Amino acid sequence: MSAPFAAVAIVGLGLIGSSIARAIRQSLPETRILGYDRNAEVCARAEAIGLCDSYHSAFGAELAEAEMVILCVPVGAMAAAAEAMAPYLSAQAIISDVGSCKASVLTALRGALPNAIIVPAHPVAGTENSGPEAGFASLFKGRWCILTPDADADEGACARVAGFWQALGANVETMDAAHHDLVLAVTSHLPHLIAYTIVGTASDLEGVTQSEVIKYSAGGFRDFTRIAASDPVMWRDVFLSNKDAVLEMLQRFSEDLSALQRAIRWDKGDELEELFTRTRTIRRSIIEQGQDDAKPDFGREHQ
């Protein structure tokens with residue numbers, strides 16, 4: 001397919017930014033990639049592996065070449081990044097992002113770039129790894145990318161951004177930013193918060209159990225540690241930026257946890273079995289929809 005954009009600027013060359021660059025190379029090879037990261041050492045590492053066509057640790061006149069600019073920085077840094085690049089943007093450039101909180105990001109971008117064409121996006125994909133070496137071209141294939149433009153957004157710009165993500169292999173959905181934040185609070189933010197908490201509790205128990213928590217980590221705890229290894233700055237900003245939805249879901253979870261505690265305390269086996277049966281059905285639905293697979297041990301390779 002023809003490229004939706006002749007030149008794309010990627011601001012932030014971590015896992016997502018470097019994966020976008022690799023996916024463009026693979027699926028839209030005629031698209032020119034401008035790479036930005038305020039950390040010059042990260043730019044050097046990205047250049048060493050040939051991620052982009054040019055590398056910059058600060059914005060300059062070359063940014064005017066970009067027809068789309070994708071902000072791949074922590075959500076708390078969106079406003080500062082947008083303000084820094086404002087003097088160099090083409091008036092026709094489409095500004096997008098990859099943040100997992102959308103209402104706060106849209107507000108931040110609107111404040112910093114009041115006259116810009118803004119189409120926020122969230123590719124719902126990732127791993128616990130970070131840095132330019134962590135990316136891979138297939139990260140978005142078969143995954144969802146959610147666009148959250150405001151009500152009066154330019155329809156042509158939204159269609160071009162959707163076409164871009166579809167070219168990288170993603171399925172595209174559009175929804176209201178506030179609704180997105182509520183959905184992601186359930187499906188992503190709360191699970192990460194729980195993982196951080198459980199791993200923290202296990203760490204506190206290390207002295208009591210004489211290191212047996214780590215030594216005998218079974219699959220469940222091991223998978224929590226994978227989630228809890230995610231970028232701490234990114235997730236700090238996520239929880240603070242989406243605090244209302246996260247706190248609402250956390251309250252609901254606390255109530256459900258109390259009900260589960262009562263069921264165990266009073267030997268209500270039927271209640272436990274009913275819950276576990278329902279949750280197993282949800283897991284099977286996720287596999288059926290292609291958002292995970294049913295390989296043994298979550299597809300881990302064993303010698």
Side-chain angles (χ1 to χ4, degrees), residues 1-5 8 10 12 15-17 19-20 22-24 26-28 31 67-73 75 78 94-110 116-127 135-192 230 234-235 238 241-242 244-246 248-249 281-293:
M1 66 177 295
S2 60
F5 303 98
V8 172
I10 302 173
L15 168 68
I16 301 299
S19 292
I20 293 172
R22 287 178 169 90
I24 291 173
Q26 184 178 91
S27 301
L28 300 169
T31 297
E67 296 179 357
M68 179 167 70
V69 179
I70 308 174
L71 290 164
C72 304
V73 300
V75 291
M78 293 285 183
I94 297 172
I95 312 304
S96 192
D97 75 299
V98 297
S100 67
C101 304
K102 302 318 311 174
S104 63
V105 166
L106 184 55
T107 298
L109 295 182
R110 275 273 168 256
I117 304 167
I118 299 174
V119 183
H122 177 206
V124 187
T127 73
F136 50 98
S138 62
L139 180 62
F140 312 110
K141 289 185 177 180
R143 302 302 180 189
W144 287 99
C145 182
I146 304 172
L147 308 187
T148 61
D150 49 20
D152 58 352
D154 182 284
E155 292 185 5
C158 294
R160 291 178 73 190
V161 175
F164 171 80
W165 282 106
Q166 287 166 342
L168 302 193
N171 304 311
V172 176
E173 183 73 81
T174 300
M175 66 176 65
D176 172 76
H179 182 69
H180 164 280
D181 289 353
L182 188 63
V183 171
L184 268 293
V186 178
T187 61
S188 176
H189 304 168
L190 185 60
H192 276 80
S230 300
M234 181 186 80
W235 282 99
V238 166
S241 299
N242 197 29
D244 291 340
V246 169
E248 180 180 343
M249 291 302 105
T281 300
I282 292 171
R283 169 63 185 170
R284 288 174 173 171
S285 297
I286 290 171
I287 293 171
E288 289 169 1
Q289 293 186 24
Q291 297 306 299
D292 204 347
D293 61 52

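Everything numeric in this text was worked out from a predicted model, so none of it was measured.
In plain terms, the two heavy atoms of Gly99 and Asp97 that are nearest each other are N-OD2, 2.8 Å. The two residues Cys72 and Gly12 have their closest heavy-atom pair at CB-O, 3.5 Å. Residue Phe164 comes nearest to Val8 through the heavy atom pair CE1-CG2, 4.3 Å, listed as atom of the first residue, atom of the second, then distance. Between His180 and Met175, the closest heavy-atom pair is CA-SD, 3.5 Å. Looking at every heavy atom in both residues, Leu106 comes nearest to Pro120 through CD1-CG, 3.6 Å. Residue Gly126 comes nearest to Leu139 through the heavy atom pair N-CD1, 3.7 Å, listed as atom of the first residue, atom of the second, then distance.
Applying side chain to side chain contact (heavy atoms under 4.5 Å, CB included) to Ile70 and the options Ile95, Val161, Ile20 leaves one that passes, Ile20.
Among residues at least two apart or in separate chains, salt bridge (Lys or Arg N to Asp or Glu O under 4.0 Å) pairs with a member in residues 157-179 are Glu67-Arg160.
In this structure, CD on Gln26 lies 7.5 Å from OG on Ser138, to the nearest 0.5 angstrom. In this structure, the separation between CZ on Phe136 and CZ on Phe140 is 8.5 Å, given to the nearest 0.5 Å. For the atom pair Leu147 CG and Thr174 OG1, the distance stands at 4.5 Å (nearest 0.5 Å). In this structure, Leu184 CG and Ile146 CD1 are separated by 5.5 Å, a value rounded to the nearest 0.5 Å.
The shortest side-chain heavy-atom distance between Arg143 and Val124 does not fall under the 4.5 Å cut-off. Looking at heavy atoms from C-beta onward, Leu190 lies out of side-chain contact with Val246 at the 4.5 angstrom threshold. Contact of the Leu71 side chain with the Leu109 side chain is registered, since non-hydrogen atoms from C-beta on lie closer than 4.5 Å. Counting heavy atoms from C-beta outward, His179 and Thr148 have side chains that stay 4.5 Å or more apart. No side-chain heavy atom of Phe5 sits less than 4.5 Å from a side-chain heavy atom of Val69. In this structure the side chain of Met234 never reaches within 4.5 angstrom of the side chain of His192, judged on heavy atoms. Counting heavy atoms from C-beta outward, Trp235 and Ser188 have side chains that approach closer than 4.5 Å.
With hydrogens and angles ignored, the 3.5 Å screen pairs no side-chain donor or acceptor of Lys102 with any backbone N or O of Ala178. Between the Thr187 side chain and the Val183 main chain, a donor and an acceptor come within less than 3.5 Å of each other. With Ser19 contributing its side chain and Ala137 its backbone, the two residues share no donor-acceptor pair below 3.5 Å. Asp181 places no side-chain N or O within donor-acceptor distance of the main-chain N or O of Asn242, the cut-off being under 3.5 Å. Ser96 places a side-chain N or O within donor-acceptor distance of the main-chain N or O of Val119, the cut-off being under 3.5 Å.
In this structure Ser100 satisfies the side-chain contact (heavy atoms from CB on, under 4.5 Å) test together with His122, His189, Val238, sequence neighbours excluded. For the salt bridge (Lys or Arg N to Asp or Glu O under 4.0 Å) test, no residue two or more places apart in sequence or in another chain qualifies with Asp244.
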